[in-house]
Amino acid sequence: MKCTISEVKHHVGESVTIGCWLNKKRSSGKIQFLQLRDGSGYIQGVVVKSDVGEDVWEAASKLTQESSLYITGKVKEDTRSKGGYELDVLGVEIIQVTEEYPITPKEHGVDFLMDNRHLWIRSPRQRAVLVIRAQIIQAVQQFFNERGFHLVDPPILTPSSCEGTTNLFHTKYFDEDAFLTQSGQLYMEAAAMALGRVYSFGPTFRAEKSKTRRHLIEFWMIEPEMAFVDHVENLEVQEQFVSYIVQTVLKNCGPELETLERDTSKLEKIQGSFPRITYDEAVDYLQKNGHEFQWGEDFGAPHETAIAAQYETPVFITHWPTEIKAFYMKPDPSRPEVVLCADMIAPEGYGEIIGGSQRIDDPELMEQRFQEHELSKEAYQWYLDLRKYGTVPHSGFGLGLERTVAWICGLDHVRETIPFPRLLYRLYP
């Protein structure tokens with residue numbers, strides 16, 4: 001019977017065949033211990049010389065790191081094994097014996113590992129990260145599907161900037177100028193006017209020459225948009241959303257979190273409502289604790305880390321200065337110099353994982369913002385039309401997938417959070 005490693009628990013006492021790779025091997029002379037992987041998990045195959053034919057013993061002896069094979073054996077429970085099961089090997093069919101596999105158990109430099117990223121992702125640690133990433137994506141979809149949101153796919157090629165910046169990748173769209181998207185938000189606003197509650201999930205691009213541990217050139221964003229939802233309701237959805245993701249990972253990815261040696265006690269606290277402080281309060285805290293910071297400036301990584309260190313859960317920083325936020329954010333009616341927005345800062349020094357706001361719904365104010373930011377009305381007349389034809393209060397936010405993966409996994413750098421990262425000066429593999 002053919003099965004995967006993750007399915008062996010259903011076949012205790014039975015003989016199964018698994019297509020797999022050799023992760024590592026050790027021998028005590030008359031017994032060979034094969035550490036096997038197939039993508040779904042790991043299992044040890046035990047080859048006893050006296051119990052198998054010479055051909056099976058010789059085939060097992062030839063196996064090297066990352067050699068591919070079909071292995072046949074009897075499944076038995078083994079409480080000493082991490083997976084809880086082991087194979088008494090009966091047969092080995094070699095597909096390929098690998099020679100001089102470049103990634104060995106010794107220490108390798110980051111550049112070497114990144115040059116061999118296509119092989120590095122086979123390692124237990126990198127596999128664990130990618131499994132958790134996949135679980136987060138599944139949790140995102142489940143959360144929104146259960147709450148009546150519709151998935152909408154915005155375009156990747158756009159005629160102009162979403163946020164009025166110049167950090168865009170330029171290309172030619174036949175005879176026109178076009179850019180790779182930095183956000184699907186504006187299109188999601190249009191979709192929300194048709195479907196009520198929507199979300200997008202797709203790649204975005206920022207041509208910022210940044211080399212920090214929090215930045216990628218190509219990354220994935222989850223961007224919900226909600227009609228008839230104000231700033232406060234928007235925050236409530238965000239904290240429910242993040243709590244749902246974290247608790248789902250804790251429930252379904254225990255072995256992977258253990259592989260990463262993640263302190264899960266910190267993640268277990270991520271549920272319920274999160275603290276909320278205003279930008280004013282954050283500035284006051286920084287100034288009183290040795291940071292040279294002026295009202296009206298944006299926070300850098302050290303500032304976010306200092307603020308987050310006061311809390312064990314993510315924290316919202318709300319009501320930012322209008323001048324440093326995007327043109328579409330709605331001013332606070334009682335204080336127009338700040339906008340109804342919030343950044344969610346993750347604990348443990350992982351920085352901003354969500355940015356969101358209530359959007360401007362007043363047609364005249366949006367026209368004014370377009371003029372102030374010198375935005376192309378020709379490229380985005382359709383966006384102005386949203387305020388002209390049936391405008392309503394609406395809000396939304398964007399969650400960066402890779403930063404969220406880094407935080408939940410406890411990683412030092414976002415380059416490990418995506419299968420093939422695009423970094424400054426790195427386009428290979």
Side-chain angles (χ1 to χ4, degrees), residues 1-53 56-57 59-94 103-105 121-136 138-139 246-269 408-411:
M1 179 184 295
K2 195 173 182 181
C3 76
T4 64
I5 291 173
S6 64
E7 295 169 338
V8 298
K9 60 188 175 184
H10 303 302
H11 302 287
V12 176
E14 300 175 18
S15 177
V16 299
T17 297
I18 301 170
C20 55
W21 295 267
L22 181 75
N23 187 43
K24 55 186 176 181
K25 179 176 71 173
R26 61 186 177 88
S27 175
S28 64
K30 294 183 179 181
I31 302 178
Q32 297 184 64
F33 299 93
L34 312 180
Q35 302 297 324
L36 306 164
R37 66 172 192 86
D38 72 344
S40 75
Y42 295 84
I43 196 168
Q44 178 171 267
V46 180
V47 188
V48 180
K49 189 172 184 178
S50 60
D51 293 344
V52 298
V56 175
W57 181 260
S61 300
K62 292 178 182 178
L63 295 173
T64 57
Q65 184 183 358
E66 287 305 308
S67 290
S68 52
L69 65 145
Y70 289 108
I71 194 157
T72 300
K74 188 174 182 180
V75 181
K76 68 175 185 180
E77 292 190 72
D78 183 355
T79 55
R80 297 168 300 174
S81 166
K82 279 190 176 182
Y85 302 92
E86 191 174 76
L87 274 184
D88 284 337
V89 175
L90 303 172
V92 173
E93 179 187 341
I94 295 175
I103 299 179
T104 64
I121 58 176
R122 300 182 185 187
S123 69
R125 175 181 169 84
Q126 298 307 310
R127 175 194 173 273
V129 174
L130 295 182
V131 168
I132 291 172
R133 178 189 172 100
Q135 182 64 70
I136 290 172
Q138 184 175 334
V246 173
Q247 296 305 315
T248 301
V249 171
L250 283 171
K251 178 181 177 182
N252 298 326
C253 297
E256 287 75 26
L257 292 167
E258 184 179 352
T259 295
L260 296 171
E261 299 180 339
R262 182 61 162 116
D263 182 355
T264 55
S265 67
K266 295 181 178 180
L267 297 178
E268 289 163 2
K269 298 172 182 176
I408 292 176
C409 291
L411 305 178

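Atom CD1 of Ile31 and atom CZ of Arg26 lie 9.0 Å apart (nearest 0.5 Å). The distance from the CD1 atom of Ile71 to the CG atom of Leu63 is 7.5 Å, given to the nearest 0.5 Å. Taken to the nearest 0.5 Å, the CD1 atom of Ile94 stands 13.5 Å off from the OH atom of Tyr70. Between the CD atom of Glu258 and the SG atom of Cys253 there is a distance of 13.0 Å, given to the nearest 0.5 Å. The line from CZ of Arg37 to CD1 of Ile43 is 14.5 Å long, rounded to the nearest 0.5 Å. Taken from CD in Gln126 to CG in Leu260, the straight-line distance is 8.5 Å, to the nearest 0.5 Å.
Of the possible polar contacts, one joining the Gln65 side chain to the Ile103 backbone as a donor-acceptor pair under 3.5 Å is found. One N or O on the side chain of Glu7 and one on the backbone of Thr4 form a donor-acceptor pair closer than 3.5 Å. With hydrogens and angles disregarded, no donor-acceptor distance shorter than 3.5 Å links the side chain of Ser67 to the backbone of Leu22.
Considering Leu250, Asp263, Val131 in turn, Leu250 is the only one that fulfils the side chain to side chain contact (heavy atoms under 4.5 Å, CB included) rule with Leu257.
The shortest side-chain heavy-atom distance between Ser50 and Lys30 does not fall under the 4.5 Å cut-off. Inter-residue side-chain proximity for Leu87 and Val46 is flagged as unmet; no heavy-atom pair is nearer than 4.5 Å. Using a 4.5 Å heavy-atom cutoff, the side chains of Leu267 and Val249 are not in contact. In this structure, Ser81 and Glu86 have side chains that are not in contact, with every pair of non-hydrogen atoms separated by 4.5 Å or more. Between His11 and Lys74, every side-chain heavy-atom pair lies at or beyond the 4.5 Å cut-off.
For the pair Glu256 and Arg127, the salt-bridge criterion is met [side-chain N within less than 4.0 Å of a carboxylate O].
Scanning both residues, Ser123 and Tyr42, for their nearest heavy atoms gives C-OH, 4.0 Å. For Pro124 against Asn23, the heavy-atom pair with the smallest separation is CG-ND2, 4.4 Å. Of all non-hydrogen atoms in Tyr85 and Glu77, the two that sit nearest each other are CE2-CG, 3.7 Å. Scanning all heavy atoms of the two residues, the minimum distance from Val56 to Leu90 falls at CG2-O, 3.7 Å. The minimum heavy-atom distance between Ile408 and Ile136, with the atom names listed, is CD1-CD1, 3.8 Å. Shortest non-hydrogen contact noted between Gly19 and Asp38 is O-CB, 3.3 Å.
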**Asked** Yes or no on side-chain contact (heavy atoms from CB on, under 4.5 Å) for Ile18 and Val8, after CA distance, side-chain angles and deciding distance?
**Response** CA-CA 9 Å; Ile18 301 170; Val8 298; 3.8 Å; yes
**Request:** Walk me through it: do Asp88 and Asp51 pass the test side-chain contact (heavy atoms from CB on, under 4.5 Å)?
**Result:** CA-CA 9 Å; Asp88 284 337; Asp51 293 344; over 6 Å; no
**From CA spacing to verdict: side-chain contact (heavy atoms from CB on, under 4.5 Å), Arg125, Leu411** = CA-CA 11 Å; Arg125 175 181 169 84; Leu411 305 178; 3.4 Å; yes
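The neighbour count for Lys25 NZ, taken as heavy atoms of other residues, nucleotides or ligands under 6.0 Å away, is above 12.
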